[in-house]
**Q** 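Let me give you the structure first, and then I'll get to my questions.
All chains are named by letter (A, B, ...) in the order of the sequence lines, taking the proteins before the strands, and each is independently numbered beginning at 1. Everything quoted here is computed from the prediction, not taken from an experiment.
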2 protein chains.
Amino acid sequence: MQKEHNLSKNQKIIFDLIDKSRGPMKAYSILFNVQKKGIKAPLQVYRALDKLVEIGKIHKIESRNAFIACQNSSCQISKATAFSICESCENVSEISNLKLSKYLSNFSDSSGMKYSKYNLEFFGLCKKCKSK
Amino acid sequence: MQKEHNLSKNQKIIFDLIDKSRGPMKAYSILFNVQKKGIKAPLQVYRALDKLVEIGKIHKIESRNAFIACQNSSCQISKATAFSICESCENVSEISNLKLSKYLSNFSDSSGMKYSKYNLEFFGLCKKCKSK
DNA sequence: CTTATAAATGTTATATTATTACATACTGTT
DNA sequence: AACAGTATGTAATAATATAACATTTATAAG
């Protein structure tokens, strides 16, 4: 089970916005959207984002500098993330594939390094964009 | 075989710097280091970086906004990248593991999306940092 | 309830990363 | 020589992110 986190006021405002959004949101677009709610400065946004990422409520899409709500109930998942990204329409979705996550979580190589976390981003064309 | 690319002057300067560097380099650190060679503006750096990434001579470490030289001779590899990143010393190395790359290159899910590219970043502590 | 501590907020300024726009020059064909 | 494609130079600015400091709120312990 995922640990319950009582989100603070700013965290809740920002999480709700991201959660309702269709796609990933960028920090300054978030800022613009929450200014009417009293969040005025970038740092207020980034602090909430940092916390939300930390507790796994959202993920950062590194290649896009954008944030999406976690689609996954597993508490493990914020340490083991995989996304599919359409390079045409920029649609992003979280991949939940048990085989994949097991494979990657158990991955080890000759470096002697123990991996505690990974992030995987797949790129391609989504169904819609492919048929255009 | 990898297609031969004749690097231009700026591309060569910047590739050589990254290639000699121990770890990943950031764009503005590159800029600082090549100013004595006549490269004065960020855009000159970013243009060379873009091209070098495109032809697979370097890779971008997305989570760090930094660039490292490709350690791999395969021409496929710039569409199929995996890195291990030490969260303590920030050492980064490219993983070349045939099983892993085959597994990921062949990965498909129910979304109907055909993936043409992926980037995977593993995080953890390297041997040295673990023993501290 | 009070004290202590951690977490969150507010605010200003600034650092870092990356791109737009436009003019010019080089390179390799035909 | 003319063309097309690629690379360069330069200035300005956009977009992303953090530092520093003061204050407030939440949580837990005595």
**Q** Return the value, rounded to whole Å, for the distance between atom CD1 of B:Ile14 and atom P of D:dG9.
**A**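 Rounded to whole Å, this separation is 10 Å.
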**Q** Could you check how far CD1 of B:Ile55 sits from C1' of D:dT6, rounded to whole Å?
**A**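 It is 13 Å, rounded to the nearest whole Å.
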**Q** Rounded to whole angstrom units, what separation is found between the NZ atom of A:Lys51 and the C1' atom of D:dA17?
**A**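 Value for this atom pair: 19 Å.
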**Q** In whole Å, I'd like the distance from the CG atom of A:Asp50 to the P atom of C:dT9.
**A**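 Distance, rounded to whole Å: 12 Å.
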**Q** Go through C:dT20, D:dT8, C:dA8 for me and flag the one nearest to the B:Gln11 side chain.
**A**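 Between C:dT20, D:dT8, C:dA8, the one nearest the side chain of B:Gln11 would be D:dT8.
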**Q** Under the rule for side-chain contact (heavy atoms from CB on, under 4.5 Å), what residues qualify as partners of B:Ala27, not counting sequence neighbours?
**A**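 Testing B:Ala27 for side-chain contact (heavy atoms from CB on, under 4.5 Å), a comparison that skips the adjacent residues, returns B:Val45, B:Tyr46, B:Leu49.
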**Q** What's the closest nucleotide to the side chain of A:Lys9 if the choices are D:dA19, C:dG10, C:dT17?
**A**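 Nearest to the side-chain atoms of A:Lys9, counting from C-beta on, is C:dG10.
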**Q** For the side chain of A:Lys60, counting heavy atoms from C-beta on, which of C:dT19, D:dA17, C:dT11 is nearest?
**A**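 Selected nucleotide: D:dA17.
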**Q** Does a side-chain N or O from B:Lys26 land closer than 4.0 Å to OP1 or OP2 of C:dT17, or not?
**A**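 Result: yes.
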**Q** Is there a side-chain polar atom (N or O) of B:Ser8 under 4.0 Å from OP1 or OP2 of D:dT8?
**A**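 Yes, within the criterion.
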**Q** Where each residue is assigned the nucleotide of DNA chain C containing its nearest heavy atom, which of B:Tyr46 and A:Ile39 is assigned the position nearer the 5′ end?
**A**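 The 5'-side residue here is A:Ile39.
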**Q** When we call it a touch if two heavy atoms are under 4.0 Å apart, what does B:Lys12 touch: a base, just sugar-phosphate, or nothing?
**A**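 If one applies the 4.0 Å heavy-atom cut-off, B:Lys12 turns out to touch nothing in the nucleic acid.
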**Q** Just how far, in rounded Å, is P of C:dT19 from CZ of B:Arg47?
**A**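 Computing the B:Arg47:CZ to C:dT19:P distance gives 12 Å.
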**Q** Can you work out whether B:Gly38 or B:Pro42 has the more 5'-proximal nearest nucleotide on DNA chain D?
**A**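 Result of the comparison: B:Gly38.
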**Q** What nucleotide among D:dA17, D:dT8, C:dT9 has an atom nearest to a side-chain atom of A:Gln44?
**A**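 Taking heavy atoms from C-beta onward, the closest nucleotide is C:dT9.
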**Q** Can you confirm whether B:Lys130 is buried at NZ, in the sense that more than 12 heavy atoms of other residues, nucleotides or ligands lie under 6.0 Å from that atom?
**A**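 Enclosed: over 12 neighbouring heavy atoms sit under 6.0 Å from NZ of B:Lys130.
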**Q** Let me know the distance between CG of A:Leu43 and C1' of D:dT16, rounded to the nearest Å.
**A**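 Rounding to the nearest Å, CG of A:Leu43 and C1' of D:dT16 are 13 Å apart.
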**Q** Separation of A:Asn10 atom CG from D:dT25 atom P, in whole Å?
**A**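 Computing the A:Asn10:CG to D:dT25:P distance gives 13 Å.
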**Q** Want to settle it: does A:Ala27 or B:Ala41 sit nearer the 5' end of DNA chain D, counting the closest nucleotide to each?
**A**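 It is B:Ala41 whose nearest nucleotide is closer to the 5' end.
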**Q** Going by the angle between their ring planes, with limits at 30° and 60°, are A:Tyr118 and B:Phe122 parallel, tilted or perpendicular?
**A**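 The rings of A:Tyr118 and B:Phe122 stand perpendicular, inter-plane angle above 60°.
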**Q** Without decimals, in angstroms, what is the distance between A:Leu49 CG and C:dA8 C1'?
**A**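 A:Leu49 atom CG is separated from C:dA8 atom C1' by 14 Å.
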**Q** Tell me the salt bridge (Lys or Arg N to Asp or Glu O under 4.0 Å) pairs involving residues 108-122 of chain A, sequence neighbours left out?
**A**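 Every salt bridge (Lys or Arg N to Asp or Glu O under 4.0 Å) pair that includes a residue of residues 108-122 of chain A, provided the two are not neighbours, is A:Lys117-B:Glu87.
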**Q** Do A:Gln71 and A:Ser93 touch side chain to side chain, with heavy atoms closer than 4.5 Å?
**A**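 A side-chain contact under 4.5 Å is absent here.
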**Q** Do the side-chain N or O atoms of A:Asn65 get closer than 4.0 angstrom to the phosphate oxygens (OP1, OP2) of D:dA17?
**A**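 Checking D:dA17 against A:Asn65, a side-chain N or O does come within under 4.0 Å of OP1 or OP2.
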**Q** Looking at C:dT16 and B:Tyr28: do their rings stack (centroid distance under 5.5 Å, interplanar angle under 30°)?
**A**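 Taking the rule of under 5.5 Å and under 30°, the ring of B:Tyr28 does not stack on C:dT16.
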